[in-house]
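Per chain, numbering begins at 1; letters A, B, ... match sequence-line order.
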Amino acid sequence: MTQISTKPPSGMRDFLAPDLARRRHAIAVIRRVYESFGFAPLETPTIENLSTLLGKYGPEGDQLLYRILHRRERLARALEPKADGSRPTELDLADEGLRYDLTVPLARVVANYPELPAFYKRYQIQPVWRADRPAKGRFREFFQCDVDVCGTKSLVAEAEVCGAVATVLLELGFAKPGQPAGSFRILVNHRELLRAMVAEAGIDAALEGVALIALDKLDKIGADGVLAELVAKGIGAGAAAKLLEVLAAARAPGFLAARAGAATRPGSAAAKELVELLAIAAAGPAGPHLAFDPTLARGLSYYTGPIFEIAVDGLAGSMGGGGRYDGLIGMFTKRQIPAVGFSLGLERVLLVMEERGMFPPLATGPELLLCRFPDVSAADAIRVATQLRAERIRPDGARERGLRVELFADAPAIGKQLQYANAIGAPFAGLLGSDELAQQSLTLKKLATGEQKTLPLAAVAASVRSG
RNA sequence: GUGAGUGUAGCUCAGUUGGUUAGAGCGCCAGACUGUGACUCUGGAUGUCGGGGGUUCAAAUCCCCUCACUCACCCCA
């Protein structure tokens with residue numbers, strides 16, 4: 001163990017220039033689209049009080065929270081046995097943790113700033129942390145891109161957040177349904193509908209969670225598999241079979257409309273909401289992508305109404321998810337404020353885009369590497385680089401942006417400098433010798449073809465731009 | 001949390017039933033044009049074989065421990 005590991009901690013990553021080019025490309029699209037829907041930006045701290053975070057995500061979520069150990073005297077005190085002789089617990093050793101998602105911090109913010117507009121729409125693109133075991137497409141530090149609407153129970157809010165993420169994906173190059181190669185679906189369901197189905201099957205509300213998780217696997221392990229798992233989790237064989245029956249009925253075409261019309265049956269109101277949501281959303285960009293999926297459950301415990309998840313072929317997890325959480329903000333303030341949101345998983349989106357080759361060519365680095373021969377002083381090279389970088393006014397009055405210019409620091413053999421230009425992917429090299437300097441000119445070399453010409457400094461930018 | 005797999009040069013990997021000096025390709029460095037890279041040719045350097053212990057005359061190879069990473073499941077974004 002003499003050698004210090006130079007790798008980042010597991011599940012966390014360094015982002016080098018090519019990674020950042022792709023990430024920034026996606027984030028730029030996300031930000032632009034979210035703002036076009038009228039969402040305002042928000043950023044919140046990396047660290048939140050544990051009292052803010054605990055109890056919002058369910059037991060599994062609490063388990064995955066990164067906690068920040070007390071320091072110095074506070075830690076020493078916390079480590080001592082308590083008055084009753086019992087040992088300190090996890091709760092005694094920390095009262096802060098890293099944020100686990102962006103929704104709970106948003107709820108805290110809404111509760112903390114009563115002066116915010118009654119209908120607060122915000123977007124937030126920041127990393128979150130989960131003490132999970134990393135896997136393909138799963139990290140311990142990852143970025144979420146959230147949009148949320150607070151202050152209304154209107155299903156327009158649902159339609160808008162779905163429309164926003166659908167627009168993002170379309171603008172990133174994901175296809176409409178019918179073009180299976182690049183398509184995505186937004187699955188929708190309703191917490192109340194799920195509860196009604198579980199109740200209808202005669203399953204105890206306490207077992208609702210495990211029942212829903214088993215149900216969610218129907219496509220993977222089949223009806224027999226789900227049945228076996230339900231029984232294994234302590235649900236009677238009769239109730240388990242009944243649940244599958246209820247579910248099969250829910251999958252039949254026309255189920256939602258029928259249930260919405262049957263006002264006395266459990267889940268009728270929820271079905272009605274989904275019917276309405278699908279109808280409203282049909283007018284927006286999410287319309288063609290939305291699909292009712294009665295098995296969609298979602299793990300976070302704060303959801304109360306419609307829930308969503310983005311599914312694409314070939315991705316084990318989801319690219320994003322969301323739903324309505326009318327009770328969450330009320331956990332931080334006496335005011336009960338309804339809200340609904342959608343979260344895109346940046347890494348999941350990038351993963352799928354990578355696999356499908358969806359990135360456009362992304363320009364990075366300098367457009368021109370300025371190489372100097374040994375007979376040119378460093379000061380002269382800097383003067384020329386400065387001139388090339390500066391914006392200038394063309395004779396016709398138009399403004400011309402300066403070039404992205406890197407100046408080679410030393411002046412070794414020109415071949416070395418060209419090798420470097422090649423290595424960093426610069427499309428052009430500018431060769432500066434005493435001849436060029438005397439004429440206020442530059443020999444411009446196009447690396448891809450090797451062709452080169454000497455031209456006045458003032459003409460270099462235009463020539464680079466024209467390729 | 002469960003199960004499986006992989007750790008050998010900067011990278012991707014080969015290395016036979018244990019056998020003496022551990023290899024290839026790519027990359028890197030130097031040269032074949034003294035103001036020209038990417039292509040070609042020649043030459044060169046590169047390793048605690050993940051780490052520790054054990055078996056053996058002998059270990060990259062077999063055994064144990066440990067660490068790291070990957071995949072699948074679970075769950076999620």
Side-chain angles (χ1 to χ4, degrees), chain A residues 1-13 30 57-61 63-64 100-103 125-146 165 209-210 212-214 216-217 220-221 225 229 233 296-301 307-312 315-323 341-352 369 371-376 408 411-437 442-452 454:
Chain A
M1 287 292 249
T2 51
Q3 184 67 46
I4 298 171
S5 170
T6 52
K7 278 183 280 202
S10 110
M12 308 204 173
R13 296 148 300 155
I30 293 167
Y57 305 109
E60 303 230 349
Q63 209 62 36
L64 297 177
Y100 178 89
D101 74 355
L102 303 179
T103 307
I125 302 170
Q126 284 191 281
V128 302
W129 292 268
R130 296 184 186 178
D132 217 344
R133 182 188 287 213
K136 187 183 179 186
R138 180 164 68 193
F139 304 94
R140 300 199 302 176
E141 175 180 59
F142 62 98
F143 274 67
Q144 292 195 320
C145 314
D146 280 35
V165 298
V210 295
L212 294 180
I213 287 168
D216 204 30
K217 295 182 208 165
K220 279 184 210 158
I221 60 180
E229 179 159 338
K233 292 281 162 66
L296 175 65
R298 298 201 49 76
L300 299 178
S301 57
I307 49 180
F308 328 109
E309 195 159 285
I310 303 174
V312 294
L315 182 69
S318 72
M319 274 203 311
F342 213 127
S343 176
L344 275 178
L346 182 65
E347 283 74 12
R348 297 279 170 86
V349 172
L350 294 172
L351 180 71
V352 175
L369 179 78
C371 311
R372 79 182 144 107
F373 290 100
D375 58 358
V376 171
F408 201 95
I414 211 73
K416 281 264 174 273
Q417 305 188 45
L418 287 171
Q419 255 177 40
Y420 174 74
N422 218 47
I424 62 171
F428 289 91
L431 307 187
L432 186 64
S434 49
D435 295 352
E436 285 89 349
L437 199 59
L442 190 66
T443 297
L444 185 64
K445 183 182 185 70
K446 185 171 183 175
L447 276 305
T449 60
E451 61 185 308
Q452 66 182 57
T454 302

Participant: If you go through the side-chain atoms of Arg348(A), does one of them form a donor-acceptor pair with the base of C76(B) closer than 3.5 Å?
Facilitator: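 Answer is yes: a donor-acceptor pair is held.
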Participant: Picking from U36(B), A77(B), C29(B), which would you name as closest to the side chain of Leu418(A)?
Facilitator: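 My answer, after comparing the listed nucleotides, is U36(B).
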Participant: Does the U2(B) base have a donor-acceptor partner in the side chain of Arg133(A) within less than 3.5 Å?
Facilitator: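 By the distance-only test, yes, there is a pair.
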Participant: When the nearest nucleotide of RNA chain B is assigned to Gly320(A) and to Lys7(A) on a heavy-atom basis, which residue is associated with the more 5' position?
Facilitator: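 That would be Lys7(A).
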Participant: If you check every side-chain atom of Lys445(A), which of A38(B), C73(B), U36(B) has the closest atom?
Facilitator: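 Shortest atom-to-atom distance from the side chain points to U36(B).
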Participant: Taking atom P in both G3(B) and C74(B), what distance in whole Å separates the two?
Facilitator: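 15 Å, rounded to whole Å.
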Participant: Just the rounded figure in Å: distance from C1' of C76(B) to CZ of Phe342(A).
Facilitator: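 Taking atom C1' of C76(B) as the reference, CZ of Phe342(A) is at 14 Å.
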Participant: Where the side chain of Lys136(A) is defined as all heavy atoms beyond and including C-beta, which of A72(B), C76(B), U36(B) is the nearest nucleotide?
Facilitator: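 Closest of the options to the side chain of Lys136(A): A72(B).
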Participant: Take atom C1' in C29(B) and the same atom in G19(B), then report the distance between them in whole Å.
Facilitator: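 Straight-line distance between the two C1' atoms is 35 Å.
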Participant: Looking at Lys416(A), I'd like to know whether one of its side-chain N or O atoms comes within less than 4.0 Å of OP1 or OP2 on A30(B).
Facilitator: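 Checking A30(B) against Lys416(A), a side-chain N or O does come within under 4.0 Å of OP1 or OP2.
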Participant: Does a distance-only test, which skips hydrogens and angles, find a donor-acceptor pair under 3.5 Å between the side chain of Gln452(A) and the base of U36(B)?
Facilitator: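 Yes.
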Participant: Rounded to the nearest Å, what distance is computed from the CG atom of residue Asp132(A) to the C1' atom of nucleotide G1(B)?
Facilitator: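 So the two atoms are 10 Å apart, to the nearest Å.
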Participant: Rounded to whole Å, please give me the gap between CE in Met12(A) and P in C69(B).
Facilitator: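 Distance, rounded to whole Å: 12 Å.
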Participant: Consider the side chain of Phe373(A), meaning its heavy atoms from C-beta on, and name the nucleotide among U36(B), A72(B), C76(B) that approaches it most closely.
Facilitator: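 Of all the options, the side chain of Phe373(A) is nearest to U36(B).
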Participant: Counting side-chain heavy atoms from CB outward, which of A77(B), C71(B), G35(B) is closest to Asp435(A)?
Facilitator: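 Nearest listed nucleotide: G35(B).
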Participant: What nucleotide among A77(B), A68(B), G37(B) has an atom nearest to a side-chain atom of Leu447(A)?
Facilitator: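 The answer is G37(B).
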